[in-house]
Structure formats: structure tokens, C-alpha cells
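One is the number of the first residue; the rest follow in order along the sequence.
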Amino acid sequence: MEAIQTWVSKNKLTSIGALWASGIGASLAYNSRTRSPLKPSLKLIHARMHAQALTLAVLSGAAVYHYYEKSTMEHGESTHDSPK
């Protein structure tokens with residue numbers, strides 16, 4: 001798990017690009033199976049919207065994780081720096 005986190009932190013742009021591509025691909029694949037009366041341009045707009053929502057959710061999760069990790073480290077340092 002740590003190797004994946006290291007790779008993602010070093011390759012942020014590639015990670016976001018892969019997330020976008022997978023979100024758009026999944027949305028287009030889902031919409032192609034259902035017989036919806038939408039035009040191809042609207043299907044693409046919906047796919048981009050789904051990819052944006054997926055990206056926002058992942059970035060929000062990463063921000064919460066970063067905040068939690070930072071606050072945990074600061075809390076750990078403050079307990080070790082107590083006067084003797």
C-alpha cells in the first residue's frame with residue numbers, strides 16, 4: 001500500500017489523468033449499454049461530469065487523509081516534546 005501511495009504522490013498528474021480516463025470510459029460504457037435517447041455530445045458531457053465528480057471525491061479524500069496524517073504527526077510530536 002505504501003508503494004502505491006509513494007507512486008501517486010510522485011506522479012500526481014498521471015494519477016489524476018488516469019482517474020479521469022477511467023471515469024469517462026466507465027460512464028461512456030455504462031451509457032452505451034442503456035438505450036438512452038441522448039445525443040453523443042450529451043453522453044460525452046455526462047461522462048465528463050461523472051469524471052469530475054469522481055475526481056473531486058478522490059481529491060477530497062486525499063485532502064482529508066493529508067489533514068489527518070499531518071494532525072496525527074503534530075499531536076505525536078507534541079506529546080514527545082513534553083518537559084521533564
Side-chain angles (χ1 to χ4, degrees):
M1 185 68 172
E2 190 172 324
I4 294 171
Q5 289 175 344
T6 304
W7 185 87
V8 168
S9 69
K10 288 181 182 178
N11 302 299
K12 290 179 178 93
L13 190 58
T14 304
S15 303
I16 296 299
L19 186 66
W20 260 78
S22 64
I24 288 176
S27 181
L28 286 174
Y30 175 75
N31 282 333
S32 69
R33 291 185 181 261
T34 60
R35 296 289 177 203
S36 63
L38 296 177
K39 294 179 183 179
S41 61
L42 287 177
K43 287 183 181 182
L44 186 59
I45 290 171
H46 282 228
R48 286 188 62 207
M49 203 169 58
H50 292 148
Q52 286 176 336
L54 181 63
T55 303
L56 183 62
V58 169
L59 289 176
S60 298
V64 168
Y65 176 77
H66 178 72
Y67 174 78
Y68 173 75
E69 189 176 64
K70 187 176 178 182
S71 67
T72 304
M73 278 197 276
E74 288 176 358
H75 179 51
E77 290 175 0
S78 66
T79 57
H80 294 309
D81 293 339
S82 60
K84 293 180 182 179

Over all atoms of both residues, closest heavy-atom pair of Ala51 and Ile24
CB-CG1, 3.6 Å
If the condition is side-chain contact (heavy atoms from CB on, under 4.5 Å), which residues does [X] pass it with, not counting sequence neighbours?
| X | answer |
| --- | --- |
| Ile45 | Leu42 |
| Thr6 | Glu2, Lys10 |
| Thr14 | Trp7, Asn11 |

Rounding to 0.5 Å, atoms OG1 (Thr55) and CZ (Arg48) come to a distance of 11.0 Å
Nearest 0.5 Å, please: how far is CD in Glu69 from NE2 in His66?
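Taking NE2 in His66 and CD in Glu69, the distance rounds to 7.5 Å.
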In sequence, state the C-alpha distance, the side-chain angles, and the governing distance for Leu56 and Ser60, and then conclude on side chain to side chain contact (heavy atoms under 4.5 Å, CB included).
CA-CA 6 Å; Leu56 183 62; Ser60 298; 4.2 Å; yes
